[in-house]
Amino acid sequence: MMRRLSLSQRLTLLFILLLILCATVACVVQLYASKQYGNAMVQRLSSSLAQQILQREPVLDAEGGVDRSRLKPLFDRLMTFNPSVELYVISPDGELLADAAPPGHIKRQKIAIAPLQTFLSGTSWPVYGDDPRSLDKQKVFSVTPLRQDGELRGYLYIILQGEEFNALADMAWHKTLWSTVMWSLLLVAGFALLAGGLVWYWVTRPVKRLTAEVSGLEQDSISAIKQLAAQTPVPGSADEVTQLRNTFIELARQITTQWNRLADSDRQRREFIANISHDLRTPLTSLLGYLETLSLKSATLSAAQHQQYLATALRQGQKVRHLSQQLFELARLEHGGIKPQRERFAMAELISDVAQKFELTAQTRKLRLHIDVPGPLPLVFADVSMIERVVTNLLDNAVRHTPSGGDIRLSVWQENEQLQVEVTDSGPGIEASLREELFQRPSALSQQASRENRGGLGLLIVKKMLELHGGGISLLDSEPGATFRFFVPL
């Protein structure tokens with residue numbers, strides 16, 4: 001049943017139950033306190049009643065005994081003046097010696113003496129003693145000892161709230177009880193309505209509004225998420241519903257950011273596929289064209305033309321092979337297919353070895369290679385083949401773009417817990433329009449010449465390899481030429 005109720009209905013029902021419980025407890029406490037206070041006041045006001053009666057009316061005879069026939073008219077006369085009291089003479093051990101009760105009203109012939117002694121000791125009131133007209137009830141009383149010649153003969157024991165008083169009190173009690181219950185129910189109903197309204201305004205309304213916002217995600221997920229992410233959270237609020245709303249907004253912002261990244265990645269992937277398709281189609285078309293020419297005109301071509309066409313077709317085939325290798329390597333780097341095989345090695349020795357591979361090319365192009373290694377450097381913990389590939393790619397780009405008679409400088413130094421490597425050439429440099437996308441996938445919207453000038457996929461592969469080592473690469477501003485700097489953690 002509770003599952004069918006809404007949140008506001010559950011909270012309202014909970015408040016009603018709590019109010020009923022509080023009202024019940026308050027009524028019980030109030031009625032008990034009122035009864036205790038009334039009994040204490042009655043006992044306090046009538047505490048000397050037994051002693052005053054004893055001073056005016058003799059209870060014991062000359063021998064110190066109790067004559068029931070003589071005391072009954074006295075008790076009847078006293079009870080006529082005060083019908084709420086009941087008089088008894090009790091023996092020192094609690095036996096009932098005399099009373100004025102109608103026949104059959106006395107339920108027990110002996111009462112406990114301890115409450116009488118407590119009363120006479122002057123303790124705090126109310127003090128309750130046994131009612132002879134009841135088997136188990138106790139009532140407030142007044143008592144005084146009966147002595148003759150200094151010897152205790154018994155007690156004059158007066159019940160201050162007798163049967164007639166109890167009958168009238170019960171009638172008044174029932175009226176008061178019903179009145180109290182009715183007023184309590186009215187107060188509970190009023191407070192329940194007030195609590196229900198406050199619950200709806202402070203709890204249910206914000207929750208329903210938040211539920212409506214989140215429910216919209218099912219119909220038009222990404223646009224609804226973006227709308228939710230565009231809302232402004234309420235800072236520093238102690239309201240749990242507001243905190244939940246702020247959490248949903250933050251979650252929507254994270255989802256929107258991830259969605260934008262995925263969309264951008266998908267766009268780059270589609271552009272990259274279109275670009276690579278174009279780059280593969282160009283050399284393949286050229287290759288097929290020269291091969292078809294050789295096939296159709298082989299009888300009319302000279303040996304020199306045969307050799308020229310074959311050399312051109314071979315170059316185009318090598319371009320296709322090189323581009324295919326780069327694509328395969330980039331895919332493995334991006335999808336975790338390649339893991340660095342780390343080992344300790346000297347970066348300066350690696351750079352010297354790579355530079356030696358380009359000495360013949362540099363001499364042919366009349367280029368000057370400079371290696372700057374300032375003193376001994378600590379060993380680096382990395383994959384030798386990957387770092388060699390990085391240095392080779394950067395040095396190859398520098399050699400290809402540096403004009404004859406130019407300079408190429410390789411520098412290595414330690415900076416904090418990193419080894420910094422810098423490759424600088426004196427070539428024409430890199431156009432400002434290409435700098436922003438230099439280490440990104442080439443766009444299909446770029447011109448073919450621009451894609452060739454930026455070095456194809458080589459720099460993107462270099463960046464991925466360095467990121468696998470926790471390093472990075474950047475292009476620095478330099479005039480003339482280009483300066484690439486990368487770092488590898490020690």
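Just so you know, these numbers use all the heavy atoms, side chains as well, and skip hydrogens, waters and symmetry mates.
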Does [X] have any side chain to side chain contact (heavy atoms under 4.5 Å, CB included) partners at least two apart in sequence or in another chain, and if so, which?
| X | result |
| --- | --- |
| L152 | P92, P145, R147, Y155 |
| S84 | N82, F165 |
| A346 | E349, L379 |
| Q117 | I113 |

Can you give me the closest heavy-atom contact between [X] and [Y], atom names plus distance?
| X | Y | value |
| --- | --- | --- |
| A50 | I158 | CA-CD1, 3.5 Å |
| M386 | M465 | O-SD, 3.9 Å |
| G129 | P115 | CA-CB, 4.0 Å |
| A229 | T256 | CB-OG1, 3.6 Å |
| A482 | L475 | CB-CD1, 4.3 Å |
| H469 | P340 | NE2-CB, 3.8 Å |

(request) Consider only side-chain N and O atoms of Q418 and Q420, and report whether a donor and an acceptor are under 3.5 Å apart. (result) yes

Is any side-chain heavy atom of [X] closer than 4.5 Å to a side-chain heavy atom of [Y]?
| X | Y | answer |
| --- | --- | --- |
| V390 | V488 | no |
| V143 | L156 | no |
| V380 | P378 | no |
| Y88 | I106 | yes |
| V384 | E343 | yes |
| F345 | I387 | yes |
| S411 | V421 | no |
| F484 | V462 | no |

With [X], which residues qualify under salt bridge (Lys or Arg N to Asp or Glu O under 4.0 Å), at least two apart?
| X | value |
| --- | --- |
| E467 | K463 |
| D477 | R435 |
| D93 | none |

For [range], pull every pair meeting salt bridge (charged side-chain N to carboxylate O under 4.0 Å, His left out), keeping only residues two or more places apart or in separate chains.
| range | value |
| --- | --- |
| residues 153-162 | E151-R153 |
| residues 381-394 | E329-R389, K357-E388 |
| residues 82-92 | E86-R133 |

[X] (side chain) donor-acceptor with [Y] (main chain) under 3.5 angstrom:
| X | Y | result |
| --- | --- | --- |
| D264 | N260 | no |
| N39 | P126 | no |
| D99 | A101 | yes |
| K139 | Q161 | yes |
| E250 | A252 | no |

(request) Check step by step if side chain to side chain contact (heavy atoms under 4.5 Å, CB included) holds for V29 and V25. (result) CA-CA 6 Å; V29 172; V25 173; 4.1 Å; yes

Could you grab the distance from atom [atom1] of [X] to atom [atom2] of [Y], nearest 0.5 Å is fine?
| X | Y | atom1 | atom2 | answer |
| --- | --- | --- | --- | --- |
| E422 | L476 | CD | CG | 5.5 Å |
| I430 | L459 | CD1 | CG | 7.0 Å |
| S385 | Q341 | OG | CD | 8.0 Å |
| K464 | I473 | NZ | CD1 | 13.0 Å |
| F381 | L490 | CZ | CG | 12.0 Å |
| L45 | L160 | CG | CG | 10.0 Å |

(message) Would you say CH2 of W259 has more than 12 non-hydrogen atoms from neighbouring residues, nucleotides or ligands within 6.0 angstrom?
(response) no

(message) Under the side chain to side chain contact (heavy atoms under 4.5 Å, CB included) test against L97, which residue among V59, V89, L146 passes?
(response) V89

(request) Please step through side chain to side chain contact (heavy atoms under 4.5 Å, CB included) for the pair I53 and L87, ending with a clear verdict. (result) CA-CA 10 Å; I53 292 175; L87 286 79; 4.0 Å; yes

(message) Walk me through whether I111 and L96 qualify under side chain to side chain contact (heavy atoms under 4.5 Å, CB included).
(response) CA-CA 8 Å; I111 64 172; L96 195 63; over 6 Å; no

(request) Tell me, please, which residues at least two apart from Y157 pass ring-ring contact (aromatic ring centres under 6.0 Å, His included). (result) F141

(request) Just grab all the side chain to side chain donor-acceptor pair (under 3.5 Å) pairs involving residues 42-54, residues at least two apart or on different chains. (result) S48-Q52

